[in-house]
Amino acid sequence: MFFMIKWFVGGSRVAKSVETERLTVRLLLIDDDQVLVKGLSRSLTAIGHEVLTCYHGGSALAEVEAKLPDMVILDVMLPGKDGFTILREIRAKYPDLPVIMLTARSEDIDKVLGLEMGADDYLAKPFSVRELEARIKAVARRSRRAPQAQIRKGDLLLDLHGKRVWKNEREISLTPREFDLLALFFKNPGVVFSRERILELCWGYDFLGDSRAVDIQVSRLRDKIEDHPGNPKTVLTKRGFGYYCE
């Protein structure tokens with residue numbers, strides 16, 4: 001009970017201390033200690049984060065793939081698969097996904113091993129919510145300063161490195177041209193691109209075809225990503241100018 005009181009009191013203090021610096025992160029917390037997970041989830045949600053949970057190492061990678069978090073908080077000791085194995089699997093598929101490792105162990109070798117395998121930070125139990133929140137913010141800042149690997153817009157998530165797109169956590173199959181178009185719009189919100197400029201950027205300067213090829217590709221892209229392609233909400237048309245994404 002003392003450990004739980006520490007979490008909740010820490011959570012209330014953090015909620016006050018970060019009011020002037022709100023940073024919302026979609027977190028996946030992977031830990032088999034359900035009491036700890038519930039306490040952390042409540043405190044981190046109160047701060048403003050979105051917290052998703054997983055209690056078993058055997059399903060951890062599937063949860064990452066299905067829920068597409070902005071950051072993973074991963075315990076070392078888990079049933080099914082240990083945290084180091086899961087970290088290796090995450091790094092193989094999502095090399096830029098931030099991961100903070102948790103452990104009840106105090107040996108430096110565990111910390112060194114986790115960091116060498118690609119963990120972004122390492123936190124030994126017991127710890128306060130204040131300390132975890134500080135680590136989350138620091139890792140998130142470093143991640144956002146790095147070259148952007150994923151772009152989330154509404155119910156769409158674009159993985160620039162893996163060349164993959166998800167809508168409502170379901171992967172959508174795009175052709176290379178469709179992906180390049182969507183990436184161009186997502187990376188340049190508010191910028192209106194003429195058909196000629198899109199041809200230069202996505203087809204190449206040596207393209208000799210008709211600029212109407214852009215209209216065809218945009219139409220096909222809308223069929224795949226829009227709820228109502230005839231009334232698009234993502235890839236928009238600026239009449240007389242071209243296409244853009246807000």
All heavy atoms of L158 vs all of A183, minimum pair found to be CD2-CA, 3.6 Å

Closest heavy-atom pair and its distance - C245, F185: CB-CB, 3.6 Å

Find out if a path of hydrophobic residues (ILVMFWY) with successive side-chain heavy-atom gaps under 4.5 Å connects L184 to V192. no

Counting only N and O atoms by type, is there a donor-acceptor contact under 3.5 Å from the side chain of S219 to the main-chain atoms of D215? no

Interatomic distance, R135 atom CZ to L132 atom CG [nearest 0.5 angstrom]: 8.5 Å

Could you tell me whether a side-chain N or O of K224 sits under 3.5 Å from a main-chain N or O of S173, the two making a donor and an acceptor? yes

With R26 as reference, evaluate M71, R152, H49 under the side-chain contact (heavy atoms from CB on, under 4.5 Å) test and give the passing residue. R152

Test side chain to side chain contact (heavy atoms under 4.5 Å, CB included) applied to L102 and F127, step by step: CA-CA 10 Å; L102 304 179; F127 53 85; 3.8 Å; yes

Residue pairs passing the salt bridge (charged side-chain N to carboxylate O under 4.0 Å, His left out) test with at least one member in residues 154-167, sequence neighbours excluded, are D155-K167, R164-E171, K167-D227

For L221 against E178, the heavy-atom pair lying closest together: CD1-O, 3.9 Å

Can you tell me how far the CD atom of E131 sits from the CD1 atom of I136, to the nearest 0.5 Å? 11.0 Å

Does Q34 reach the main-chain N or O of Y55 with its side chain, forming a donor-acceptor pair under 3.5 Å? no

Side chains of I198 and R195, heavy atoms from C-beta outward: is any pair under 4.5 Å? no

Taking all atoms of both residues into account, what is the closest heavy-atom pair of L87 and A119, and its distance? CD2-N, 3.8 Å

Say whether, by atom type as modelled, one donor and one acceptor occur between the side chain of K233 and the main chain of H228 under 3.5 angstrom. no

V235 with F241, same ILVMFWY side-chain cluster at under 4.5 Å: no

When rounded to the nearest 0.5 angstrom, what is the spacing between CG in L78 and CD1 in I86? 5.0 Å

Run the salt bridge (Lys or Arg N to Asp or Glu O under 4.0 Å) test on D120 and R141 for me, step by step, so that the C-alpha distance in whole Å, both residues' side-chain angles and the decisive distance to 0.1 Å come before the verdict. CA-CA 12 Å; D120 295 274; R141 289 193 199 99; over 6 Å; no

Kindly compute the distance separating CG (L74) from CG (L123), expressed to the nearest 0.5 Å. 12.5 Å

Heavy-atom distance under 4.5 Å between the side chains of V72 and Y94, does that happen here? no

Can Y244 and N188 be counted as having a side-chain donor-acceptor contact under 3.5 angstrom? no

I'd like to know whether NZ of K153 has more than 12 heavy-atom contacts from other residues, nucleotides or ligands below 6.0 angstrom. yes

Would you compute the distance between atom CD1 of I90 and atom CG of L97 and round it to the nearest 0.5 angstrom? 6.0 Å

Non-hydrogen side-chain atoms of W203 and V214 separated by less than 4.5 Å: yes

Are I216 and L201 in one and the same hydrophobic cluster, where Ile, Leu, Val, Met, Phe, Trp and Tyr link if side-chain heavy atoms are under 4.5 Å apart? no

Report the C-alpha distance between V218 and R222 in whole Å, list the side-chain angles of each, state the deciding distance to 0.1 Å, and finish with yes or no for side chain to side chain contact (heavy atoms under 4.5 Å, CB included). CA-CA 6 Å; V218 168; R222 284 171 170 168; 3.7 Å; yes

For the residue pair P69 and L27, what are the closest heavy atoms and their distance? CB-C, 4.3 Å

Would you say D31's side chain and D33's backbone share a donor-acceptor pair under 3.5 angstrom? yes

State whether the side chain of R177 and the backbone N or O of C202 hold a donor-acceptor pair below 3.5 Å, judged by distance alone. yes

salt_bridge(E133, R130) N-O dist < 4.0 Å: no

Would you please test L61 and K81 for side chain to side chain contact (heavy atoms under 4.5 Å, CB included) and show each step? CA-CA 10 Å; L61 184 62; K81 290 181 182 178; 5.6 Å; no

On a heavy-atom basis, the closest approach of C54 and E63 is SG-CG, 3.8 Å

Nearest 0.5 Å please: distance from the CG atom of D75 over to the CD1 atom of I100. 13.0 Å

Backbone N/O of T234 and side chain of E226: donor-acceptor pair under 3.5 Å: yes

ILVMFWY network linking L236 to L181, side-chain heavy atoms under 4.5 angstrom: no

